[in-house]
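Below is one structure; the comments refer to it alone.
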Amino acid sequence: MRLNLKDIIHVPGAVRPFIFQLDLSDLEFSGIRPIDRPISVTGQVRNMAGALVLEGTASTTLHLVCDRCAKPFTREKVVPISTLLATELADEANDGEIVLLDGDEVDLGEVATTAFVLAMDTKNLCSEDCKGICAGCGVDLNVGVCQCRPEVDPRLAVLAKLLEDKESE
């Protein structure tokens with residue numbers, strides 16, 4: 001979505017609100033497509049003493065798979081959007097912090113997409129205390145107890161054998 005800012009570029013204190021839906025369902029993260037609903041983007045562009053400030057939020061419900069236990073889960077994701085807009089850059093040092101206008105317009109879809117993608121987590125957990133899956137027996141450690149026998153250090157194998165023999169008597 002493109003937003004025309006012609007009316008507020010030269011009017012200090014002027015505000016231009018925006019609200020739109022953004023479809024990012026084709027984006028893939030770690031082999032899955034967690035964004036299956038449109039992202040709701042709301043906010044405003046304000047002229048603050050000649051500087052254009054874009055502030056808003058992008059929010060949706062993500063459908064994820066836990067990286068520890070592999071269970072599917074949903075999570076609300078709300079991403080703040082805050083950037084400066086300019087018609088030209090004074091120096092190249094700030095080019096990552098300022099979005100250039102295309103004439104009198106800003107591509108809100110591009111700004112929101114960039115903010116949302118950069119805010120995506122690299123690791124998704126169904127809960128902070130998720131125990132995951134046992135690598136040996138495959139049991140979900142959140143639900144059950146591991147059925148694996150502890151591995152014995154080869155140097156102590158003879159002693160372990162003695163303990164097993166004593167238990168079986």
Side-chain angles (χ1 to χ4, degrees), residues 1-9 15-48 51-89 92-148 151:
M1 176 187 170
R2 299 186 67 75
L3 183 66
N4 191 317
L5 301 172
K6 182 179 181 180
D7 298 340
I8 69 167
I9 288 178
V15 176
R16 170 61 67 80
F18 59 85
I19 183 168
F20 67 99
Q21 300 287 314
L22 180 63
D23 181 19
L24 296 181
S25 61
D26 59 334
L27 293 181
E28 191 172 299
F29 298 90
S30 302
I32 62 168
R33 294 182 181 195
I35 309 167
D36 64 352
R37 296 181 184 161
I39 296 172
S40 176
V41 183
T42 61
Q44 65 183 8
V45 178
R46 172 174 285 154
N47 185 330
M48 296 179 66
L52 296 176
V53 179
L54 184 149
E55 292 179 328
T57 59
S59 60
T60 193
T61 301
L62 300 177
H63 295 275
L64 303 162
V65 175
C66 182
D67 289 331
R68 287 189 188 156
C69 68
K71 285 186 182 174
F73 69 99
T74 60
R75 174 173 293 143
E76 291 293 318
K77 182 77 171 176
V78 178
V79 176
I81 301 170
S82 180
T83 189
L84 294 174
L85 305 175
T87 55
E88 61 184 39
L89 290 177
E92 297 294 321
N94 296 325
D95 64 349
E97 302 167 7
I98 299 174
V99 174
L100 285 176
L101 296 177
D102 183 14
D104 293 335
E105 296 181 334
V106 61
D107 186 350
L108 291 175
E110 183 179 326
V111 172
T113 299
T114 301
F116 204 86
V117 168
L118 291 175
M120 288 294 288
D121 297 323
T122 56
K123 186 169 209 78
N124 297 302
L125 300 178
C126 59
S127 67
E128 290 291 323
D129 59 344
C130 178
K131 297 175 185 173
I133 295 176
C134 175
C137 63
V139 71
D140 183 348
L141 298 173
N142 297 309
V143 177
V145 179
C146 175
Q147 303 300 317
C148 296
E151 290 188 27

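Start at 1 with the first residue, then count along the sequence.
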>> Suppose the criterion is salt bridge (Lys or Arg N to Asp or Glu O under 4.0 Å): which pairs have a residue in residues 125-145, not counting sequence neighbours?
In response: Lys71-Asp140

> When you look at Val45 and Val53, which way does the side-chain contact (heavy atoms from CB on, under 4.5 Å) test go after all the steps?
Replying inline: CA-CA 5 Å; Val45 178; Val53 179; over 6 Å; no

>> So, using side-chain contact (heavy atoms from CB on, under 4.5 Å) as the criterion, who are the partners of Ser82 when residues are at least two apart?
In response: Glu55

Per-pair distances, 0.1 Å, donor-acceptor, side chain in residues 112-125, under 3.5 Å, sequence neighbours excluded:
from, atom 1, to, atom 2, distance (Å)
Thr113, OG1, Gly109, O, 2.7
Thr114, OG1, Glu110, O, 2.9

> Which atoms form the tightest heavy-atom contact between Phe73 and Cys66, and what is the distance?
Replying inline: CE2-N, 3.5 Å

> For Glu76, which residues count as a side chain to side chain donor-acceptor pair (under 3.5 Å) partner, sequence neighbours excluded?
Replying inline: Thr61

>> Can you pull out every salt bridge (Lys or Arg N to Asp or Glu O under 4.0 Å) where at least one residue sits in residues 26-37? Sequence neighbours excluded, please.
In response: Glu28-Arg33

>> Would you say that Leu54 contacts Phe18 through its side chain, given a criterion of any heavy-atom pair below 4.5 Å between the two side chains?
In response: yes

>> To check you understand the geometry: which heavy-atom pair defines the closest contact between Cys130 and Asn142, and what is its length?
In response: SG-ND2, 3.3 Å

>> Please determine whether side-chain contact (heavy atoms from CB on, under 4.5 Å) holds for the pair Thr57 and Thr42, giving the CA-CA distance in whole Å, both sets of side-chain angles, and the decisive distance to 0.1 Å.
In response: CA-CA 6 Å; Thr57 59; Thr42 61; 3.5 Å; yes

> Going through the checks in order, is the side-chain contact (heavy atoms from CB on, under 4.5 Å) test met by Ile35 and Leu62?
Replying inline: CA-CA 5 Å; Ile35 309 167; Leu62 300 177; 3.6 Å; yes

>> Any non-hydrogen side-chain atom of Ser40 less than 4.5 Å from a side-chain atom of Gln21?
In response: yes

>> Looking at every heavy atom in both Pro34 and Leu64, which two are closest together, and how far apart are they?
In response: CB-CD2, 3.4 Å

>> Please enumerate all residues that pass salt bridge (Lys or Arg N to Asp or Glu O under 4.0 Å) together with Arg16, with sequence neighbours excluded.
In response: Asp7

> How far apart are the C-alpha atoms of Ile81 and Val41, what are their side-chain angles, what is the distance that settles it, and do they pass the side-chain contact (heavy atoms from CB on, under 4.5 Å) test?
Replying inline: CA-CA 9 Å; Ile81 301 170; Val41 183; 4.2 Å; yes

> Who passes side chain to side chain donor-acceptor pair (under 3.5 Å) against Asp23, sequence neighbours left out?
Replying inline: Ser25

>> Taking side-chain contact (heavy atoms from CB on, under 4.5 Å) as the definition, give me every residue that meets it alongside Cys137, ordered by chain and number, with sequence neighbours left out.
In response: Cys134, Val139, Cys146, Gln147, Cys148

>> Could you work out, with salt bridge (Lys or Arg N to Asp or Glu O under 4.0 Å) as the rule, every residue matching Glu105, not counting sequence neighbours?
In response: Arg2

> Which distance, rounded to the nearest 0.5 Å, do you find between the CD1 of Ile39 and the CG of Leu27?
Replying inline: 8.0 Å

